[in-house]
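Before any comments, here is the structure.
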Number of protein chains: 2
Amino acid sequence: MNVTSPPAPRDCRKVSDVFSRIGDRWSMQVILVLNNQKQRFNEIKKGVNGISQQMLARTLKLLERDGLIERFVLDASPPKVSYELTTLGLSLAEQVMALASWSLLNFETLSQNRERYDKTHEN
Amino acid sequence: MNVTSPPAPRDCRKVSDVFSRIGDRWSMQVILVLNNQKQRFNEIKKGVNGISQQMLARTLKLLERDGLIERFVLDASPPKVSYELTTLGLSLAEQVMALASWSLLNFETLSQNRERYDKTHEN
DNA sequence: CGGGATCCAGTAGGATACTG
DNA sequence: CAGTATCCTACTGGATCCCG
């Protein structure tokens with residue numbers, strides 16, 4: 001895709017599809033936490049601030065379904081399961097990391113913009 | 001932020017905040033369509049496949065609130081309004097374009113992975 | 001420990017009609 | 001043309017309990 005022009009409508013649907021899959025509240029955060037680190041369920045849970053057990057389980061399953069992470073059952077009783085980004089997942093993680101860096105860099109600016117907007121439009 | 005390590009929990013919240021703002025169904029698509037192109041309301045609507053009038057109006061207002069786009073009223077009656085990415089919006093658009101390119105490149109792989117997963121887990 | 005099942009609330013998002 | 005107002009539905013995500 002040309003970087004200087006908007007995508008074609010057909011492309012838009014594909015982009016929309018991928019975005020709506022990873023653009024939920026948790027997927028990208030899980031990808032970030034797993035970046036270069038094979039981790040177990042509760043380790044990921046600690047890493048992702050505020051996620052519930054169920055949402056983590058759901059998110060991991062969807063990411064596994066897309067082939068972005070791989071699930072390893074280490075032991076059955078007591079259960080030990082760990083997760084790791086696949087090659088595909090790692091390539092996505094790079095893009096997500098770039099977006100995350102942008103977010104950290106510009107978070108304050110965004111907050112200030114919102115505050116200013118709300119003040120001038122509160123009528 | 002270091003690209004090889006997961007972000008700190010405090011950073012995670014900021015990243016989550018930004019992601020939950022632009023990670024909805026439409027924001028990133030609008031940003032893509034506006035990339036390097038000042039456009040009017042209905043032009044954007046044509047560019048973003050399937051968006052309703054209301055959702056476009058809502059999305060544009062939120063993006064303007066964050067200072068990512070600027071709104072220009074050209075005429076009052078009949079109304080003519082156009083939108084353009086700000087410098088901040090352009091810098092975000094770069095990251096979003098990278099993610100969009102990844103999406104186009106790997107869309108087929110993702111679809112196949114899902115299909116395969118669903119077949120082997122349908123029990 | 002790593003989930004699954006169930007129930008519930010909040011909100012994102014769609015359809016339609018109306019307006020300056 | 002570029003919105004706003006209203007209503008409604010569907011889905012996301014949270015809480016809780018249970019299970020091997």
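Below, chains carry the letters A, B, ... as their sequence lines are ordered, and counting in each starts from 1. Since this is a predicted model, take the numbers as computed values, not measurements.
The interatomic distance linking B:E64 (CD) with D:dG3 (P) rounds to 9 Å, in whole Å. In this structure, NZ of A:K80 is placed 16 Å from C1' of D:dG20, rounded to the nearest angstrom. With rounding to whole Å, A:R25 atom CZ is found 18 Å from C:dA9 atom P. Computed from coordinates, the B:I44 CD1 to D:dG3 C1' distance equals 13 Å when rounded to whole Å. B:N49 has its CG atom 11 Å from the P atom of C:dG14, to the nearest Å. Spacing between atom CG of A:L56 and atom C1' of D:dT12 amounts to 16 Å, rounded to whole angstrom units. At whole-Å resolution of the value, CG in A:L60 and C1' in C:dG3 are 10 Å apart. As rounded to whole Å, 15 Å separates atom C1' of C:dA5 from atom CE of A:M55.
Across C:dG13, D:dA2, D:dG14, the shortest atom-to-atom separation from the side chain of B:Q53 is found for D:dA2. Comparing D:dG13, C:dG3, C:dC1 by their nearest atom to the side chain of A:V81 picks out C:dG3. Candidate nucleotides D:dG13, C:dG13, D:dG3 were compared by shortest atom distance to the side chain of B:A57, and D:dG3 ranks first. With C:dG4, C:dG13, C:dG2 as the choices, the nucleotide that has an atom nearest any side-chain atom of A:K61 turns out to be C:dG4. Checked against D:dT4, D:dG20, D:dG14, the side chain of A:P79 finds its nearest nucleotide in D:dG20.
The environment of B:K61 atom NZ is sparse: at most 12 non-hydrogen atoms of other residues, nucleotides or ligands sit within 6.0 angstrom. Residue B:K38 qualifies as enclosed at atom NZ: its count of foreign heavy atoms under 6.0 Å is above 12.
No hydrogens or angles were tested; on distance alone, nothing pairs the side chain of A:Q54 with the base of D:dT12 as donor and acceptor under 3.5 Å. Remark: the A:R40 side chain and the C:dG2 base include no donor-acceptor N/O pair separated by less than 3.5 Å.
Minimum interatomic distance between B:M28 and B:G23 (heavy atoms only, all atoms of both residues): CE-CA, 4.3 Å.
When the nearest nucleotides of DNA chain C are assigned to A:F41 and B:W26 by heavy-atom distance, the more 5′-ward of the two goes with A:F41. Residue whose closest nucleotide on DNA chain D sits further toward the 5' end, between A:S52 and A:A76: A:S52.
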Worked check of side-chain contact (heavy atoms from CB on, under 4.5 Å) between A:F107 and B:V18: CA-CA 7 Å; A:F107 180 80; B:V18 175; 4.0 Å; yes
task: Kindly indicate, with the supporting measurements, whether the criterion side-chain contact (heavy atoms from CB on, under 4.5 Å) is fulfilled by A:W102 and B:L92.
output: CA-CA 7 Å; A:W102 185 95; B:L92 174 58; 3.4 Å; yes
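Residue contacts for B:R58: at a heavy-atom cut-off of 4.0 Å it reaches a base atom on one of the strands shown.
Distances shorter than 4.0 Å separate some side-chain N or O of B:Y83 from OP1 or OP2 on D:dG3.
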